[in-house]
Amino acid sequence: MIVSMSDTPARLLALLSILQTGRDLTGDELAIRLGVTTRTVRNDMDRLRNLGYRVDSMRGPGGGYWLGPGANIPPLLLDDDETVAITLALRLAAGGSVQGFEEISVQALVKIQQMLPDRLQQRVTSLEGSVEPIPGRGPTVDMDLLLIIATACSNRQLLRFEYRRHDGTSGLRQVEPHRLVNDGHRWYLFAWDAEKQDWRTFRVDRISDARPRPAPKFPLRALPDVAARVSIGAATAMWDYRARVIAHAPAETLVARLPPAVQVDAIDETSCRLHVGSSNAATLARYLALLGVRFSVEEPETHPDLVEALRELSGLLLDAVEGRRADQPGESAARRRASSTRSGS
């Protein structure tokens, strides 16, 4: 839309709004947008620079004007939708998982809400009244630590830190940091471990004394599917008990049912191998029963606790089918099956 303005302050605000879109625009394009001459555009650029805005430019074909980063953040010109979005985002961030960020978010939110016109205040109030965020259930992390890791990722600096493992022990690690990932509950660092020659996922709340090395920069690497790798790593890290089972169903059928953390290897058209795990054998037995397909434990002699848990579970289910209660006399199906199995072996 062509905007014609003879009033200098209004024209400068319009020019600043156009520059904040991030596009490089020539003097001719800006003159048409504002309805002024290219000379006026050049003069207005000088006025913006005198006000502290960093306006960069390049002459010749392909050149133009753009708003560069400055020492101080200049006032932003936001439309109604952008203002409402930022206000709601700050409200949600105030209950986030980054330690120290809550207070900063509230301070920024107060400043914005004090300047909201009535029409936007009503929209924000309606949204806030309809949105009920679930408080974060994961551990909080220090904002300064996140900034150190994020800077190391951006600058491709090797990162050395102390890491507390799942079993409570600690050790010194040095990695090539590539991405910070948040799954809604926890923050993770996805990095290349040169010592192990593989990608690794680290929980940020278990990282301490993080120190980036200034030089040299580590090489660029082709990244895998970071979100998928972190999801799998985060899930399998909680498995204290692992096993392999043979499922008598097509691999593609079970892949659609199972979470990404469960590896499924096709054996043939009618069976596949599942790499599964859980907190303990009893929980894993119940999980396997929910698959709804026939299966067998691979190398059962190495998983006697899982075999026993499956035997107990099958007996409980048979008791339910027979209608036997725990207080009824007589041996339960679970005990009968366990006894017959042991006597036959």
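Note: hydrogens, waters and symmetry copies are ignored here, and every other heavy atom, side chains too, is used.
For the pair Ala247 and Val293, the tightest heavy-atom approach, listed with the atom from each and the gap, is CB-CG2, 4.3 Å. The two residues Trp239 and Ala261 come nearest to each other via the heavy atoms CH2-O, 3.5 Å. The two residues Pro259 and Tyr287 have their closest heavy-atom pair at CD-OH, 3.3 Å.
Residue pairs meeting the side chain to side chain donor-acceptor pair (under 3.5 Å) criterion with at least one partner in residues 246-272, sequence neighbours excluded, are Gln263-Asp265, Asp265-His275, Asp268-Thr270, Asp268-Ser271. Sorted by first and then second residue, the ring pair (Phe, Tyr, Trp, His ring centres under 6.0 Å) pairs involving residues 196-221 (not counting sequence neighbours) are Phe161-Phe202, Tyr163-Phe202, His178-Trp199, His178-Phe218, Phe190-Trp199, Trp192-Trp199.
Between Arg160 and Asp209 there is no salt bridge, since none of the side-chain N atoms of the basic residue sits less than 4.0 Å from a carboxylate O of the acidic one. A salt bridge is absent between Arg42 and Asp44: the closest approach of a Lys/Arg side-chain nitrogen to an acidic carboxylate oxygen does not fall below 4.0 angstrom. Salt-bridge annotation for Lys196 and Asp198: absent, with no side-chain N of the basic residue lying under 4.0 Å from a carboxylate O of the acidic one.
Under the 4.5 Å side-chain contact rule for hydrophobic residues, Ile267 and Val262 do not share a cluster. Under the 4.5 Å side-chain contact rule for hydrophobic residues, Leu274 and Ile246 do not share a cluster. By the criterion of side-chain heavy atoms lying less than 4.5 angstrom apart, applied directly or through intervening Ile, Leu, Val, Met, Phe, Trp or Tyr residues, Met143 is grouped together with Ile149 in one hydrophobic cluster. By the criterion of side-chain heavy atoms lying less than 4.5 angstrom apart, applied directly or through intervening Ile, Leu, Val, Met, Phe, Trp or Tyr residues, Tyr188 is not grouped with Val175; the two fall into different hydrophobic clusters.
Under the 4.5 Å side-chain criterion, counting only non-hydrogen atoms from C-beta, Asp193 is in contact with Arg173. Proximity of Leu48 to Arg54: side-chain heavy atoms (C-beta onward) are nowhere separated by under 4.5 Å. In this structure, Pro177 and Cys153 have side chains that are in contact, with non-hydrogen atoms separated by less than 4.5 Å. Inter-residue side-chain proximity for Thr283 and Asn280 is flagged as met; some heavy-atom pair is nearer than 4.5 Å. A heavy-atom distance below 4.5 Å is found between the side chains of Thr83 and Thr87. Within the 4.5 Å cutoff, the side chain of Arg186 has no heavy atoms near those of the Val141 side chain.
To the nearest 0.5 Å, atom CG of residue Leu146 and atom CG of residue Leu189 are 10.0 Å apart.
Taking a 6.0 Å sphere around CD of Glu195, one finds it holds 12 or fewer heavy atoms contributed by other residues, nucleotides or ligands. Within a 6.0 Å radius of CZ in Arg242, more than 12 heavy atoms belonging to other residues, nucleotides or ligands are found.
Residue Tyr65 forms a side-chain contact (heavy atoms from CB on, under 4.5 Å) with just one option from Asp56, Val55, Leu25, and that option is Val55. Each of Lys217, Arg156, Arg221, Arg213 was evaluated against Glu176; a single residue qualifies, Arg221, per the salt bridge (charged side-chain N to carboxylate O under 4.0 Å, His left out) test.
The closest donor-acceptor contact from the side chain of Gln197 to the backbone of Ala194 lies under 3.5 Å.
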